[in-house]
Amino acid sequence: MIEPKIYHELGLTDKEYQRILGILGRDPSPTELAMFSVEWSEHCGYPRSRKYLKLFPQKGKYETLIGEDAGGFIYDDTAIIFKMESHNHPSQIEPKQGAATGVGGIIRDIFTAGARPIACLDSLRFGDISKPFNKYIFDGVIDGIQFYGNCVGVPTVGGEIYFNDAYEGNCLVNVMCIGVCKKDKIARAKAVGIGNSIIYAGSKTGRDGIGGCSVLASAEFKEGEEEKRPTVQVGDPFTEKCLIEATLEAMDTKVVLGIKDMGAAGLTCSSSEMAAAGEVGVKIDLAKVPLREEGMESYEIMMSESQERMLLCVEVGKEDKVINVFKKWGLEAVKIGEVISEKLIKVFRGDALVADIPIAELANAPLYDMAWDESGKQKMESRKVRVPKDFNKTLLLMLSSPNIASKRAVYEQYDHMVQINTSVYPGGDAAVLRMKGKKWGMAVTSDCNGLYCKLDPYLGAQIAVAEAARNLVVTGADPAAVTDCLNFGNPEKPDRFYSFKRCVEGVSHACLEFELPVISGNVSFYNENWKGPILPTPTIGMVGILKDVENRCTVPFKDDGDMIILLGKNNDELGGSEYLSFIHKIEEGVPPMLDLDLEKRVQAACATAIEVGIAKSAHDLSEGGLAIALAECSILGEKGAAVSLND
Amino acid sequence: MKVKIYVTHKKGILDPQGKTVETALLSLGYKNISGVKIEKYIELEIDGKSKEEAEKQVKKMCDELLSNPIIEQYRFEVEQ
Amino acid sequence: MKVKIYVTHKKGILDPQGKTVETALLSLGYKNISGVKIEKYIELEIDGKSKEEAEKQVKKMCDELLSNPIIEQYRFEVEQ
Amino acid sequence: MKFGVIVFPGSNCDHDCYDVIKKVVKQPVSYLWHTTTKLDTFDCIILPGGFSYGDYLRCGAIARFAKVMDALKKFAEDKNKLVIGICNGFQILCEAGLLPGALQRNKNMHFICKHVNLKVENNHTSFSKKYKKGQVLRIPIAHGEGNYTCDKKTLAELKKNKQIVFTYYKNNPNGSMANIAGICNKQRNVLGMMPHPERASEAILGSEDGLLLFKSIESALNIRH
């Protein structure tokens, strides 16, 4: 009998443990217990959020692809694959390695689908930057992204950075990656064909991030309770770059039938989920797994989150074709098992059977219908504030707000030009990438205002989708598909789960309205600190298509005498505005009204103006409103602007 | 007083740089080497009071800035 | 045999990292420190033959790969 | 005329250089894996940017021992053959002794990726003959270790032999000695530069000033055949 203390520590509830006993008909071995705990954790099984994720639309204007890991859409003859993932808790423990491994992990999700990674974005949230510890986390995260991203040769072309006290003690590091391949070249994360080989490729296995998956995701950091520090995952971008080239080269041999990267929950998740997707079983021998440390126990090998590792299903007899490619790139590649007919995952350590679990049960995390209540609802009206005495001083002050000020000092540390596709550089609303040999291009962005989502989760989430779409439209792109990273507090607390539920509903309804499918995404719960939950942050990543990339539009004003036109209505509403929060330290009120029908017409008008060539520049109004938007267009264009406010 | 500080990886923490240099040395024909680790070595001068106080200060500087307690450990020598 | 190699900047060669760390320490209030240098410290194991031969081999490895004579110098210790 | 682009584990601008030669300069080009030893059918070899061997130990320290580097040294002895090292390629050429000096960490300790202005100091080389003397070019840099340094004697020689081909114009992004951005060997057939000309060879990327460098190579090689 395993005492509750042990399986509780691994994040399993009593009910879940009873279910395991039912499945196995006996006590689980330590390895089996570990495997259940990671597969059923929020980070892999999504037990508490799966029910709501089904609300997201999966169809849209373009033909969509929903894969096991990343999804995408098809345009012309190309599959555009993208996804967003979070590495919040590891980055709060060790910012540089946390952010670095976040970049490494999301890039693997892309090339594991057979796509060449062509761009990354990162969406970051920190506490007040003037506090030394927050600055330490901020510096570490930026260092990690540039250290890893620059070395792997995938340009970091965009993203956004917000600061709010609610993120102190629990930063958010959401990383998005986009990749492309010919539409018939997409690889699936499936094990197929009885007797085919299971090949382990990439770095050796160590004790990195043991329990990182479930223990981290199921616990939040109380003041001073920092002991929850399993060995931190360390990333090696050089090995990852070799892994990208080796994996794409191995796929050209046509004998790779299925492939999955070892991310959260490492070997457990990759082997069991590949078998589940292929509706087969799998047998692996841990004695064959290349190890970096001595004396590793079987459960440690199965749970290890060492970086830069892939699992492949290869035609039996053709293993050497694949193994030689990895050897050419200086990487480990060894057969560790094979596909079996019984729908079980059998894990051996030499001759000893250390785990024997039905695949369907393991991959089928329990589903919870979490309680929610409206106790966290914010009151509607906000305190009135005086009209500023000196508008000029106020504008300069607003431009100095960390949430508005230029982020050039950050993105100039990222190589945002490698692969020579970047045609609109960071600093605008969205980056634009040309496709070599094609007329069309792509625009990419990520966005979310957490304060709006705190004040009204449903409206705030809709605004996140609308603003991301606007960011693309102002570059001349037509929004095509969405990924997301849903960062919320502890789901077991009803008021936090309410904001998750309402945000998911908001994102779904907005996506339906804009005909945008949600083709992939990620959930990160338990984002809390000693004061309470972070701001509800459903980060939206969006990709759009420019039919002709030469028609791309940018933010800076161009020529003297050009007319400045404001599209849409400028209402008298300051709820949740940067002005209230930065100047008056007030975070109250109703977020700005969003009329989705008007929004669509405004975006259509802007898109047409750009397409027919009337518009020389375009910029969307967000934090700081009209004043800041005008200032940005002028500063970037090194021009002035004369504007009258009486309509 | 001259201070020498050695900041090294904690046991079990991956050292990608050490691994890559080891492979390079092996491929250059140095077959009898192993366990290559690339670490940091910090030298600085401290003036004032006593050796004990200098040692207390160096420890504080290491904990505060010179080493990352999560992935690194340190030792140091203070020479009169 | 355990080998410890110290690869340091040649005299007169700028050490930007050392300068940055020095400024950081001063700003943290450690006013009595100076001459901060951040250098490389390489550890490795050599097996076989004698200490002399090991030393000869280490010297060759340093000249060939582990240090760049234009900007760096090195010293090492071989422990039995 | 044939171009070769060397691929080390960790190179990440190899595809970019290959694409510019093939599609913009429109000349034959092929990748050269770092174990290649036969280079005689090639006329110009490019060592691309990137993080060969992860830039571990020192940038280019390990790549310099790749098998192809011995062949490259012989290749470079023939003054009719051209070698150009871009960013990491420049670091590898210095580590290999094909060019003098070394590239140290940027003065501000950060990786820097942005367009900078370069000045053409010497337009009498196979790499710069299409530029006017003193012409100012807008070409991007992307590096963490571009701070060129060498001893006084070497610097004096570089100046005497007009081996300084490009310098940073007006502001120096990384603290490089004498604002050096690109130098060649005495024989003027090996060039190393930190800025990326392949990232400024098409209007859609914001500048075409880098294309004239590849055009210079093309015209120099044309004359020799």
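Within every chain, numbering begins at 1; the chains are lettered A, B, ... in the order of the sequence lines, protein sequences first and strands thereafter.
Partners of A:F138 by ring-ring contact (aromatic ring centres under 6.0 Å, His included), not counting sequence neighbours, listed by chain and number: A:F126, A:F163. Residues satisfying the side chain to side chain contact (heavy atoms under 4.5 Å, CB included) test with A:L636, not counting sequence neighbours, are A:V555, A:P556. Partners of D:A71 according to the side chain to side chain contact (heavy atoms under 4.5 Å, CB included) rule, which considers only residues two or more places apart in sequence or in another chain, are D:L39.
Residue A:C242 touches chain D through its side chain alone, counting heavy-atom pairs closer than 4.5 Å.
A donor-acceptor contact shorter than 3.5 Å is absent between the side chain of D:T167 and the backbone of D:A181. The backbone N or O of D:K81 lies less than 3.5 Å from no partner atom in the side chain of D:D43, so there is not a single donor-acceptor pair. A donor-acceptor contact shorter than 3.5 Å links the side chain of D:N123 to the backbone of D:Y131.
Taking a 6.0 Å sphere around NZ of D:K2, one finds it holds more than 12 heavy atoms contributed by other residues, nucleotides or ligands.
When the candidates D:I112, D:V20, D:I204 are compared by the number of heavy-atom contacts under 4.5 Å with chain A, D:I204 comes out ahead.
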Note each donor-acceptor pair with a separation under 3.5 Å, taking one atom from chain D and one from chain A.
unit_1	atom_1	unit_2	atom_2	d
D:N12	ND2	A:N150	O	3.3
D:N12	ND2	A:C151	O	3.3
D:D16	OD2	A:Q419	N	3.0
D:Y56	OH	A:D236	OD1	2.7
D:H110	ND1	A:Q413	OE1	3.4
D:C113	N	A:E412	O	2.7
D:R199	NH1	A:D415	OD1	3.0
D:R199	NH1	A:D415	OD2	3.3
D:R199	NH2	A:D415	OD2	2.9
D:E202	OE1	A:R434	NH2	2.9
D:E202	OE2	A:R434	NH1	2.9
D:E202	OE2	A:R434	NH2	3.4
D:L205	O	A:Y425	OH	2.6

